[in-house]
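Starting from 1, each residue takes its place in the sequence as its number. When reading the values below, keep in mind they use all heavy atoms of this one structure, side chains included, and skip hydrogens, waters and symmetry mates.
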Amino acid sequence: MKHQNVIGIVDFGGQYAHLIASRIRRLGAYSEILGNDEPIETYSKLSGIILSGGPESVYEPDSPSLPVEVLQLGIPVLGICYGHQLMMKLLGGEVKKAGIAEYGRAALDFIDTSKTQLLKGFQGGEVAWMSHGDEVTRLPAGFTRTASSQDCEYAVVENPTQKWFGIQLHPEVTHTEKGSVLLENFVKISGAEGTWNLKQFLDLKEEELHSIVPADKKIFLLVSGGVDSTVSYLLLSRALGKDRVKGVLIDTGFMRKDEVASLQEKLSPQGIQLHVHDASELFYSALKGKKDPEEKRKIVGNLFLQAQADCAKSLGLNADEWLLGQGTIYPDTIESGGTKHSHTIKTHHNRVEAIQKLMEEGKVVEPIKDLYKDEVRELGNYLGLPKEWTGRHPFPGPGLVVRMIAQEKPVEGSVQKKLDELVGSDNSLQAKLLPVASVGVKGDQRSYAHCAAISGDKTWDELDKISTAITNQISSVNRVVLFLGKSGSFSKANFKFQSIDLDKKDSDILREADAAVEKVLQKRKIYDQIWQMPVVLLPLGSESGKRSIVLRPVDSQEAMTASFFRLEKDVLEELVSEVLKVPGIEYLFFDLTNKPPGTIEWE
């Protein structure tokens with residue numbers, strides 16, 4: 001299908017490159033992802049160019065760049081984060097390491113709105129989402145400063161004559177107020193309105209599936225019961241026919257409580273007949289004693305392949321006739337370092353080396369790999385899934401494995417000292433480093449850093465500011481949790497590391513805690529208000545065998561950014577009461593971390 005008025009997103013490896021493309025498409029304009037080394041003719045045919053964010057620093061000698069001639073084609077250009085900094089550098093401005101890094105919310109202060117084309121509809125004070133450690137310190141000739149934030153002087157700049165626009169904020173994420181307004185303004189400036197809709201995506205995807213799946217091949221699709229794999233099954237069945245798609249659920253032993261039986265019952269009305277293959281003993285034995293997050297994910301990915309082969313053998317399937325189907329969505333790809341300049345945040349189980357090799361051999365089919373969760377849900381509704389199903393909380397493919405923290409990260413005295421200094425001015429606040437770490441993302445790069453616990457009677461807004469201040473100002477902390485229980489003072493709590501195995505005993509503890517949480521959310525009728533609520537098992541307690549739980553409710557749309565969900569006090573109190581009834585649970589925390597700098601899952 002040929003498109004006119006295309007907006008090209010030049011991908012510099014940012015976590016949000018495809019999210020920009022997604023947002024542009026949702027505004028009704030056709031967009032394509034491009035590399036930074038395309039022929040100049042490719043760029044010259046575009047209606048607009050967006051330069052994405054990225055994990056590098058533009059002043060480093062080998063950082064990705066772009067020929068300045070691309071900016072001089074007379075096409076409107078919008079630079080976002082790294083793209084903003086690169087454009088400023090290429091046109092004669094200056095970029096340096098920021099005095100204070102910005103991660104999370106920041107308010108826009110307008111400087112000059114009299115001639116702005118990009119911020120039409122803004123009034124000032126809007127919240128913007130930031131994720132950067134570098135900043136522009138001097139503008140090129142012809143640019144004016146439109147808006148600043150507290151820690152970023154050149155948050156929005158414009159050269160209206162050339163139609164060049166640079167922004168340090170991320171308008172593509174839902175946590176930027178009026179981000180869609182900004183992007184829509186750029187679409188209008190580019191003249192690309194009305195060139196994209198979901199029906200076009202389906203037509204193009206069905207056409208693509210027919211071309212990449214040989215007529216003599218069938219799809220062996222791993223179905224977890226989540227939205228992604230379910231929609232993938234329906235899309236593949238629609239394009240290729242039900243007789244060419246087989247859904248298999250691998251029971252890893254790390255599923256949620258009663259999940260397998262429930263999935264079989266609920267998926268049957270959707271025309272999805274699941275074959276369940278019990279591989280729990282295989283997973284338990286291979287993961288026993290494993291602690292490193294990356295190693296755990298890679299083991300799980302390889303085990304899925306082994307279990308799939310065992311299942312196919314038990315069913316008497318001819319391996320030469322079948323391709324592997326996966327419900328991979330774009331965040332899985334980009335966070336695994338799946339584009340040219342992107343950094344690995346965490347290796348997803350469906351991006352391990354063995355699967356990458358199969359992909360290179362053309363033996364893997366991923367029908368929704370370019371979509372985000374909100375788009376997958378919309379597509380599911382379009383394909384006939386009830387909203388009750390498409391609204392289910394996301395659940396990671398590796399299951400509870402990535403919600404069981406097994407690795408110790410000893411407390412560093414120097415980091416604890418910085419933490420004490422930061423919160424010391426507030427007598428009502430206490431803080432401690434916990435002897436565990438979690439995966440996070442700062443400036444489009446992976447971080448594996450300390451978790452800080454705080455205690456104090458504060459409002460959610462105050463806690464949000466405290467959490468942001470800690471992660472912004474202490475580079476070796478990427479997650480902050482609020483201490484909720486047990487009874488007794490925070491200062492007397494003994495958060496000792498207690499070794500755990502990824503076995504049935506500990507997964508049963510987490511299963512019970514997870515089930516207790518979901519029961520409260522459903523009872524209180526707030527389940528649908530929350531995007532996702534991981535319940536995380538920590539190896540912390542005052543004595544051997546004792547465990548802790550972290551509640552991680554988040555508000556998001558596409559999983560690339562998120563903020564913690566502000567639960568009502570009485571709901572939180574009921575959750576504390578119910579979770580602490582689970583045998584073995586001693587302490588309870590609430591995750592106050594936004595994304596960035598913390599990922600939604602801890603590992």
Does the side chain of [X] reach to within under 4.5 Å of the side chain of [Y], using non-hydrogen atoms?
X: I24; Y: I50; value: yes
X: V70; Y: I49; value: yes
X: L324; Y: K363; value: no
X: S22; Y: E172; value: no
X: N594; Y: R105; value: yes
X: N159; Y: F165; value: no
X: E56; Y: P64; value: yes
X: L51; Y: Y82; value: no

**Asked** So, T593 versus D591: side-chain donor-acceptor pair below 3.5 Å or not?
**Response**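 A pair is found: one side chain offers a donor N or O, the other an acceptor, under 3.5 Å apart.
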
**Prompt:** Does one side chain, of Q168 or Q85, offer a donor that lies under 3.5 Å from an acceptor on the other?
**Reply:**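 Note: Q168 and Q85 side chains meet the donor-acceptor criterion.
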
Taking the side chain from [X] and the backbone from [Y], do they hold a donor-acceptor pair closer than 3.5 Å?
X: R377; Y: V227; answer: no
X: T599; Y: K595; answer: no
X: T176; Y: W129; answer: yes
X: D134; Y: V58; answer: no
X: D11; Y: A17; answer: no
X: S52; Y: F12; answer: yes
X: N185; Y: L118; answer: yes
X: E177; Y: E126; answer: no
X: S148; Y: E153; answer: yes
X: T116; Y: L119; answer: yes

Distance (rounded to the nearest 0.5 Å) between [X] [atom1] and [Y] [atom2]:
X: L78; Y: E158; atom1: CG; atom2: CD; value: 10.0 Å
X: S44; Y: L46; atom1: OG; atom2: CG; value: 7.5 Å
X: I7; Y: I9; atom1: CD1; atom2: CD1; value: 7.0 Å
X: T390; Y: D374; atom1: OG1; atom2: CG; value: 11.5 Å
X: M130; Y: C81; atom1: CE; atom2: SG; value: 9.0 Å
X: H84; Y: I167; atom1: NE2; atom2: CD1; value: 8.5 Å

**Prompt:** Do F565 and R552 pass the side-chain contact (heavy atoms from CB on, under 4.5 Å) test, and can you show the C-alpha distance, the side-chain angles, and the key distance before you say yes or no?
**Reply:** CA-CA 8 Å; F565 186 90; R552 174 60 167 156; over 6 Å; no

Heavy-atom pair with the smallest gap, counting every atom of [X] and [Y]:
X: L222; Y: S229; result: O-CB, 3.7 Å
X: S149; Y: A155; result: N-CB, 4.0 Å
X: L27; Y: S180; result: CD1-O, 3.9 Å
X: G35; Y: V10; result: O-CG1, 3.8 Å
X: S65; Y: N36; result: O-ND2, 2.8 Å
X: L221; Y: G327; result: CD1-N, 4.5 Å

**Prompt:** Looking at W602, does the NZ or CZ of R479 lie under 6.0 angstrom from its six-membered ring centre and within 45 degrees of the ring axis?
**Reply:**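 Yes, R479 sits over the ring of W602.
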
**Asked** With a distance cut-off below 6.0 Å to the six-membered ring centre and an angular limit of 45° from the axis, does R23 pair with W196 as a cation-pi contact?
**Response**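 R23 over W196 ring: no.
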
**Item:** Derivation of the side chain to side chain donor-acceptor pair (under 3.5 Å) call for N472 and D151
**Value:** CA-CA 11 Å; N472 277 358; D151 296 316; 5.7 Å; no

How about [atom1] on [X], more than 12 heavy atoms from neighbouring residues, nucleotides or ligands closer than 6.0 Å, or not?
X: Q123; atom1: CD; answer: no
X: K163; atom1: NZ; answer: no
X: E38; atom1: CD; answer: yes

Charged N to carboxylate O under 4.0 angstrom, [X] versus [Y]?
X: E193; Y: K188; result: no
X: K465; Y: D461; result: no
X: E412; Y: K417; result: no
X: K96; Y: E135; result: no

**Request:** Show your reasoning for whether side chain to side chain donor-acceptor pair (under 3.5 Å) applies to H393 and Q532.
**Result:** CA-CA 5 Å; H393 287 186; Q532 187 177 5; over 6 Å; no

**Asked** side-chain hydrogen bond (donor to acceptor under 3.5 Å, both in side chains) with S63: which residues, sequence neighbours excluded?
**Response**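 So S63 forms no side-chain hydrogen bond (donor to acceptor under 3.5 Å, both in side chains) with any residue.
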
**Message:** Using side chain to side chain donor-acceptor pair (under 3.5 Å), reason through S447 and N478 one step at a time and then give a plain yes or no.
**Reply:** CA-CA 7 Å; S447 70; N478 67 4; 2.9 Å; yes

**Request:** With side-chain contact (heavy atoms from CB on, under 4.5 Å) as the test, would you mind laying out the steps for T328 and D228 before giving the verdict?
**Result:** CA-CA 7 Å; T328 310; D228 302 334; over 6 Å; no

**Asked** Who are the side-chain contact (heavy atoms from CB on, under 4.5 Å) partners of D292, not counting sequence neighbours?
**Response**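 With sequence neighbours excluded, D292 shows a side-chain contact (heavy atoms from CB on, under 4.5 Å) to E294, E295, Q407, given in chain and number order.
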
**Audit row: H450, S476, side chain to side chain donor-acceptor pair (under 3.5 Å) steps and yes/no** = CA-CA 6 Å; H450 281 290; S476 51; 5.8 Å; no

**Asked** Which is it for R297 and E601 under the salt bridge (charged side-chain N to carboxylate O under 4.0 Å, His left out) test, yes or no, and what are the steps along the way?
**Response** CA-CA 12 Å; R297 282 181 171 271; E601 300 286 352; over 6 Å; no

**Item:** Residue pair I470, I466: steps toward the side-chain contact (heavy atoms from CB on, under 4.5 Å) verdict
**Value:** CA-CA 6 Å; I470 290 172; I466 293 164; 3.9 Å; yes

**Message:** Testing V157, L91, L90 one by one against P140 for a side chain to side chain contact (heavy atoms under 4.5 Å, CB included), which residue passes?
**Reply:**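 Result: among V157, L91, L90, L91 is the only option passing the side chain to side chain contact (heavy atoms under 4.5 Å, CB included) with P140.
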
**Request:** Before giving the answer on side-chain contact (heavy atoms from CB on, under 4.5 Å), spell out for L419 and V477 the whole-Å C-alpha distance, their side-chain angles and the decisive distance to 0.1 Å.
**Result:** CA-CA 9 Å; L419 188 60; V477 174; 5.6 Å; no

**Request:** I would like to know whether E603 and K296 meet salt bridge (charged side-chain N to carboxylate O under 4.0 Å, His left out); could you show each step before the answer?
**Result:** CA-CA 9 Å; E603 293 185 345; K296 285 163 59 177; 2.5 Å; yes

